[in-house]
Amino acid sequence: MSDRAPGGLALVEALVNTLDLESGADRLDTPEGRAEFGVAERDLAEVRELRESLRAVCLAHAGHAPHREVTPLGRLLARAPLLVAVDERDGSAVLAPADGGPLRSRVAAAVAEALTAGTWLRLKACELPECHWAYYDRSPAGKRRWCSMSVCGARAKMRRYRAK
């Protein structure tokens with residue numbers, strides 16, 4: 001089983017994880033990182049705003065407060081051009097990005113897909129403030145707290161142990 005989020009949520013997870021909060025390294029600073037998402041350098045401020053709003057939502061899914069003040073995700077996605085794509089063979093329909101699929105539209109379509117699949121609330125952010133890495137919670141109870149038990153989980157447990 002893959003640790004990666006299913007379907008379109010993989011895009012959202014990958015976008016949130018372009019910034020390593022601990023080191024400050026941002027993959028969007030590189031041409032390769034921007035190309036991965038089809039983003040031009042002139043759109044970086046908008047993409048970073050979207051990324052941090054997504055991170056805040058992932059933290060909320062895990063029961064945590066936002067990491068900082070952000071533009072509400074709903075406000076950002078309200079401007080995303082989407083269309084209803086209907087399959088002519090079986091009549092199934094999905095929301096799809098319009099206008100060649102700008103990143104905001106692809107994210108909005110991924111959120112809509114995840115909502116209908118019941119997977120949206122399982123995309124969470126690690127509770128450690130120096131991490132806040134996005135991960136897909138595959139635990140049966142949906143109560144996972146860290147992106148990695150071997151790294152962040154071990155750090156948190158060691159801190160708790162030392163505090164005693």
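FYI, side chains are in, hydrogens and waters are out, and symmetry mates aren't considered; it's all heavy atoms of this structure.
Nearest heavy atoms, E13 versus A5: OE1-N, 2.9 Å. G8 approaches A110 most closely through the heavy-atom pair O-CB, 3.3 Å. Among all heavy-atom pairs drawn from A62 and K124, the shortest one is CB-CB, 4.0 Å. Across all non-hydrogen atoms, the minimal contact from A93 to V86 is CB-CG2, 4.1 Å.
Between R48 and D29, at least one side-chain nitrogen of the basic residue sits less than 4.0 Å from a carboxylate oxygen of the acidic one, meeting the salt-bridge criterion.
Considering T71, V70, L76, V16 in turn, L76 is the only one that fulfils the side chain to side chain contact (heavy atoms under 4.5 Å, CB included) rule with L50. Here the rule is side-chain hydrogen bond (donor to acceptor under 3.5 Å, both in side chains) with T18, and of R34, R27, R51 only R51 fits it.
Side chains of W133 and R55 form no contact here, defined as non-hydrogen atoms less than 4.5 Å apart. Contact check for F37 versus V47: no side-chain heavy atoms found under the 4.5 Å cut-off. Residues L83 and L95 form no side-chain contact, since every pair of their non-hydrogen atoms from C-beta on lies 4.5 Å or further apart. Looking only at side-chain heavy atoms (C-beta outward), H132 and C126 stay at 4.5 Å or farther from each other.
Side chain to side chain, E52 and H67 meet the donor-acceptor criterion of an N or O pair below 3.5 Å.
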Original post:
How far apart are the C-alpha atoms of L103 and L15, what are their side-chain angles, what is the distance that settles it, and do they pass the side chain to side chain contact (heavy atoms under 4.5 Å, CB included) test?
Top reply: CA-CA 10 Å; L103 183 59; L15 178 59; 4.1 Å; yes
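Summarising the local packing, CZ of R42 is surrounded by 12 or fewer heavy atoms from other residues, nucleotides or ligands at distances under 6.0 Å.
How far SG of C58 is from CZ of R122: 14.0 Å, rounded to the nearest 0.5 Å.
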